[in-house]
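In what follows, a single structure is set out as structure tokens and then discussed.
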2 protein chains.
Amino acid sequence: MTVDKVFEALSSAPRRRILAYLSRTDMTAGEIVQRFAEMMSQPAISKHLSILENAGVVWREKRGQNVHYGLKEDALTGTLVHFLAEVCPRSRPFRKDSEAVARRKKGQS
Amino acid sequence: MTVDKVFEALSSAPRRRILAYLSRTDMTAGEIVQRFAEMMSQPAISKHLSILENAGVVWREKRGQNVHYGLKEDALTGTLVHFLAEVCPRSRPFRKDSEAVARRKKGQS
DNA sequence: TGCCTATATAACTAATTAATTATACGATTT
DNA sequence: AAATCGTATAATTAATTAGTTATATAGGCA
């Protein structure tokens with residue numbers, strides 16, 4: 001579960017949409033396919049799901065003839081929070097205040 | 001500054017590396033190019049910078065014959081925090097506890 | 001003015017991605 | 001055992017991305 005794979009997985013709108021679905025409840029592959037009916041084929045969804053699993057942000061479990069998918073919140077929050085901590089001075093400890101102030105003046109937001 | 005563009009911008013390791021540099025101090029395009037010496041050409045970096053700017057996560061300012069770049073922390077944290085809030089039940093208010101518990105049992109982390 | 005320096009853009013190419021249709025596979029039902 | 005259902009994989013193709021070299025543009029300096 002590399003950082004690279006996680007950000008790669010998040011770079012697709014359909015994949016982020018799948019994550020949003022899974023954040024509310026676990027689903028079978030078929031249920032997810034239905035949500036994308038008329039927009040994308042079953043194999044396309046299957047591929048997206050395998051990318052998400054390979055990135056380590058969802059789990060997969062075969063039950064009978066269905067395959068259930070669910071969110072691995074910890075992996076997702078872990079990666080993003082770690083990235084934010086690395087890249088955002090304001091959340092970094094012992095930063096000099098003058099830096100952040102100057103930066104904010106430059107036209108933030 | 002769409003969510004799509006931000007995640008697209010973050011999906012590249014060199015671009016995340018540029019953001020990490022900019023999180024410590026503003027830099028000119030040339031200084032950034034130097035950090036990638038022997039790895040990537042000047043035009044390649046220029047392209048990455050324009051993608052980052054277009055996504056709204058960095059600002060750009062021409063000063064004399066240099067162009068200075070800097071991080072727009074607020075845009076970055078804003079987008080990621082919003083995404084996390086949307087996708088991570090544990091950070092979502094009024095969630096039923098039974099959901100999260102069941103999910104955690106499934107093999108989180 | 002004419003020449004550097006810093007940066008961006010253009011033209012091109014190779015590699016990757018994202019979809020499609022067709023097919024295979026494993027589990028259930030008859 | 002055969003048909004069916006749910007899902008994944010294979011083969012293919014079109015579109016996108018990420019880099020290259022070459023060139024343009026704009027600012028500072030002799």
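The shown structure was predicted, so the numbers you read here are calculated from the model rather than taken from an experiment. Proteins come first, then strands; the chains are lettered A, B, ... in the order of their sequence lines, and each starts at number 1.
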Check your understanding: Taking for each residue the nucleotide of DNA chain C with the nearest heavy atom, is it A:Ser11 or A:Lys62 whose nucleotide lies nearer the 5' end?
Key -> A:Ser11
Taking atom [atom1] of [X] and atom [atom2] of [Y], what is their separation to the nearest 0.5 Å?
| X | Y | atom1 | atom2 | value |
| --- | --- | --- | --- | --- |
| A:Glu73 | A:Leu19 | CD | CG | 11.0 Å |
| B:Leu52 | B:Glu8 | CG | CD | 10.5 Å |
| A:His48 | A:Phe36 | NE2 | CZ | 7.5 Å |
| B:Thr25 | B:Leu22 | OG1 | CG | 8.5 Å |

Main chain of [Y], side chain of [X]: is a donor-acceptor contact present, judged purely on distance under 3.5 Å?
| X | Y | value |
| --- | --- | --- |
| A:Arg16 | A:Leu10 | yes |
| B:Arg63 | B:Thr28 | no |
| B:Arg35 | B:Tyr21 | no |
| B:Ser46 | B:Gln42 | no |

Proximal nucleotide (of [options]) relative to the [X] side chain:
| X | options | answer |
| --- | --- | --- |
| A:Ser12 | D:dT7, C:dT7, C:dA18 | C:dA18 |
| A:Val67 | C:dA8, D:dG27, D:dA8 | D:dA8 |
| A:Arg60 | C:dA27, C:dT5, D:dA8 | D:dA8 |
| A:Ile51 | C:dA18, D:dA26, C:dA19 | C:dA18 |

Check whether any side-chain N or O of [X] sits under 4.0 Å from OP1 or OP2 of [N], and answer yes or no.
| X | N | result |
| --- | --- | --- |
| A:Arg15 | C:dA18 | yes |
| A:Tyr69 | D:dA8 | yes |
| A:Asn66 | C:dA27 | no |
| B:His48 | D:dT17 | no |

Whole angstroms only, please: what is the [atom1]-[atom2] distance between [X] and [N]?
| X | N | atom1 | atom2 | answer |
| --- | --- | --- | --- | --- |
| A:Glu8 | D:dT16 | CD | P | 16 Å |
| A:Asn54 | D:dA8 | CG | C1' | 15 Å |
| A:Gln65 | D:dT7 | CD | C1' | 9 Å |
| A:His68 | D:dT7 | NE2 | C1' | 12 Å |
| A:Arg63 | D:dT7 | CZ | C1' | 15 Å |
| B:Lys5 | D:dT17 | NZ | P | 12 Å |
| A:Asp4 | C:dT17 | CG | C1' | 16 Å |
| B:Met27 | C:dT7 | CE | C1' | 15 Å |

**Study point:** Shortest non-hydrogen separation from B:Val6 to B:Ala55 and the atoms involved
**Key:** CG2-O, 3.6 Å
Point to revise | Paired and unpaired positions of DNA chain C as dot-bracket, Watson-Crick or G-U wobble under 3.5 Å, | denoting a partner strand | key: ||||||||||||||||||||||||||||||
Practice item. Using a cut-off of strictly less than 4.0 Å between a heavy atom of the residue and any atom of DNA chain D, enumerate the qualifying residues of residues 36-47 of chain B by number. Key: B:Met40, B:Ser41, B:Pro43, B:Ala44
Exercise for review: For A:Ser50, answer base if it contacts any base atom (sugar-phosphate contacts may also be present), sugar-phosphate if it contacts only those atoms, and nothing otherwise; contact means non-hydrogen atoms under 4.0 Å.
Suggested key: nothing
Practice item. Taking the side chain as every heavy atom from C-beta outward, state whether B:Lys5 and B:Asn54 have any atom pair closer than 4.5 Å. Key: yes
